[in-house]
Amino acid sequence: MAPSLSAIEAKVEQYIHNGRNEKAVELLYQLAIASARKGLFHKSEAYRDRLYEVDSFALSRIVSVNETIEKQKSRWLPPDFRILWAPFFKKLSEEEANAFFFSLKKVKVDSEEIILSQGKKMTGSFWFSRGS
């Protein structure tokens with residue numbers, strides 16, 4: 001049976017407490033990569049930030065985590081969203097496109113509901129889909 005996530009996180013803290021930062025770095029790296037692959041980007045970014053706190057000179061690991069996060073975020077973009085926004089995304093880097101997409105909030109609206117009105121300010125970023 002694989003150890004629980006909380007057990008692995010406790011092991012990281014134990015390594016740090018005992019001055020075994022290289023072991024903590026390796027576990028944090030593995031946690032960050034695994035989280036990114038599961039689409040748990042907030043968690044992956046938190047592990048990356050903790051990795052940076054433990055050893056800011058572990059640059060190859062930090063860069064690798066950042067690259068993996070961006071690559072995985074691109075994979076999580078829905079195909080219909082990619083097609084709809086293709087002309088816009090052509091002008092953005094992969095990181096910018098991911099930041100744009102993951103800052104949106106999905107909102108369902110009724111087919112007759114007004115979602116935009118000329119001259120009225122809209123707050124936030126939304127990705128609308130038709131209600132059932």
Side-chain angles (χ1 to χ4, degrees):
M1 184 170 157
S4 71
L5 186 57
S6 59
I8 296 170
E9 290 172 342
K11 190 76 161 171
V12 167
E13 296 308 317
Q14 183 181 15
Y15 282 145
I16 294 167
H17 179 75
N18 293 332
R20 299 181 67 195
N21 287 3
E22 67 286 343
K23 293 279 193 184
V25 163
E26 189 56 33
L27 277 181
L28 286 165
Y29 171 77
Q30 291 172 10
L31 288 168
I33 296 294
S35 297
R37 288 183 177 148
K38 292 178 182 174
L40 304 171
F41 302 116
H42 288 293
K43 199 155 201 55
S44 182
E45 290 164 349
Y47 289 133
R48 181 220 35 225
D49 294 347
R50 185 69 174 128
L51 171 60
Y52 187 77
E53 290 170 9
V54 171
D55 185 357
S56 61
F57 291 107
L59 295 178
S60 65
R61 292 298 198 196
I62 294 166
V63 168
S64 178
V65 168
N66 283 335
E67 290 172 347
T68 301
I69 290 170
E70 292 308 317
K71 190 177 293 182
Q72 292 300 318
K73 280 182 174 180
S74 291
R75 290 183 177 172
W76 284 79
L77 289 176
D80 59 333
F81 186 86
R82 286 179 194 263
I83 293 166
L84 179 67
W85 289 88
F88 176 70
F89 279 155
K90 284 181 186 176
K91 298 177 183 186
L92 302 177
S93 70
E94 180 180 45
E95 186 175 349
E96 290 168 331
N98 289 339
F100 173 77
F101 175 74
F102 286 98
S103 70
L104 298 176
K105 298 172 191 139
K106 190 169 185 175
V107 176
K108 283 197 175 198
V109 296
D110 292 327
S111 60
E112 299 300 317
E113 189 174 343
I114 296 173
I115 55 175
L116 297 172
S117 292
Q118 185 173 350
K120 290 194 177 179
K121 185 176 181 179
M122 182 178 164
T123 58
S125 301
F126 300 93
W127 170 18
F128 294 97
S129 66
R130 295 275 180 206
S132 49

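- The heavy-atom pair separating A58 from V25 by the smallest distance is CB-CG1, 4.0 Å.
- R48 contributes atom CZ, which lies 11.0 Å from atom CD of E53 (distance to the nearest 0.5 angstrom).
- For residues 15-34, every residue pair satisfying the salt bridge (Lys or Arg N to Asp or Glu O under 4.0 Å) rule, not counting sequence neighbours, is listed here: E26-R61.
- By the side chain to side chain donor-acceptor pair (under 3.5 Å) test, S56 pairs with no residue at all, sequence neighbours left out.
- Each of L40 and L28 belongs to its own hydrophobic cluster when Ile, Leu, Val, Met, Phe, Trp and Tyr are linked at side-chain heavy-atom distances under 4.5 angstrom.
- The closest donor-acceptor contact from the side chain of T68 to the backbone of S64 lies under 3.5 Å.
- With sequence neighbours excluded, the residues forming a side chain to side chain donor-acceptor pair (under 3.5 Å) with E96 are S93, listed by chain and number.
- When the side chain to side chain donor-acceptor pair (under 3.5 Å) test is applied to E94, the partners found at least two apart in sequence or on another chain are S74.
- Within 6.0 Å of the OH atom in Y52, the count of heavy atoms belonging to other residues, nucleotides or ligands does not exceed 12.
- Evaluation of the salt bridge (Lys or Arg N to Asp or Glu O under 4.0 Å) rule for E45 yields K73 as partners, not counting sequence neighbours.
- Checked against ring-ring contact (aromatic ring centres under 6.0 Å, His included), F89 has the following partners two or more places apart in sequence or in another chain: F81.
- The ring-ring contact (aromatic ring centres under 6.0 Å, His included) test applied to F57 returns no partner, not counting sequence neighbours.
- Here the CG atom belonging to N98 is positioned 10.0 Å from the CG atom belonging to L92, to the nearest 0.5 angstrom.
- Residues that satisfy the side chain to side chain donor-acceptor pair (under 3.5 Å) test with Q72, not counting sequence neighbours, are absent from this structure.
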Going by atom type alone, with no hydrogens or angles, which donor-acceptor pairs under 3.5 Å involve a side-chain atom of residues 31-39 and a protein atom two or more places apart or on another chain?
from, atom 1, to, atom 2, distance (Å)
S35, OG, L31, O, 2.9

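- Of all heavy-atom pairs spanning Y29 and V65, the tightest one is CD1-CG2, 3.5 Å.
- Heavy atoms only, all atoms of each residue included: F41 and I69 are closest at CE2-O, 4.0 Å.
- For N21, the side chain to side chain contact (heavy atoms under 4.5 Å, CB included) partners two or more places apart in sequence, or in a different chain, are I16, V54.
- Partners of E13 under the salt bridge (Lys or Arg N to Asp or Glu O under 4.0 Å) rule, at least two apart in sequence or in another chain, are R50.
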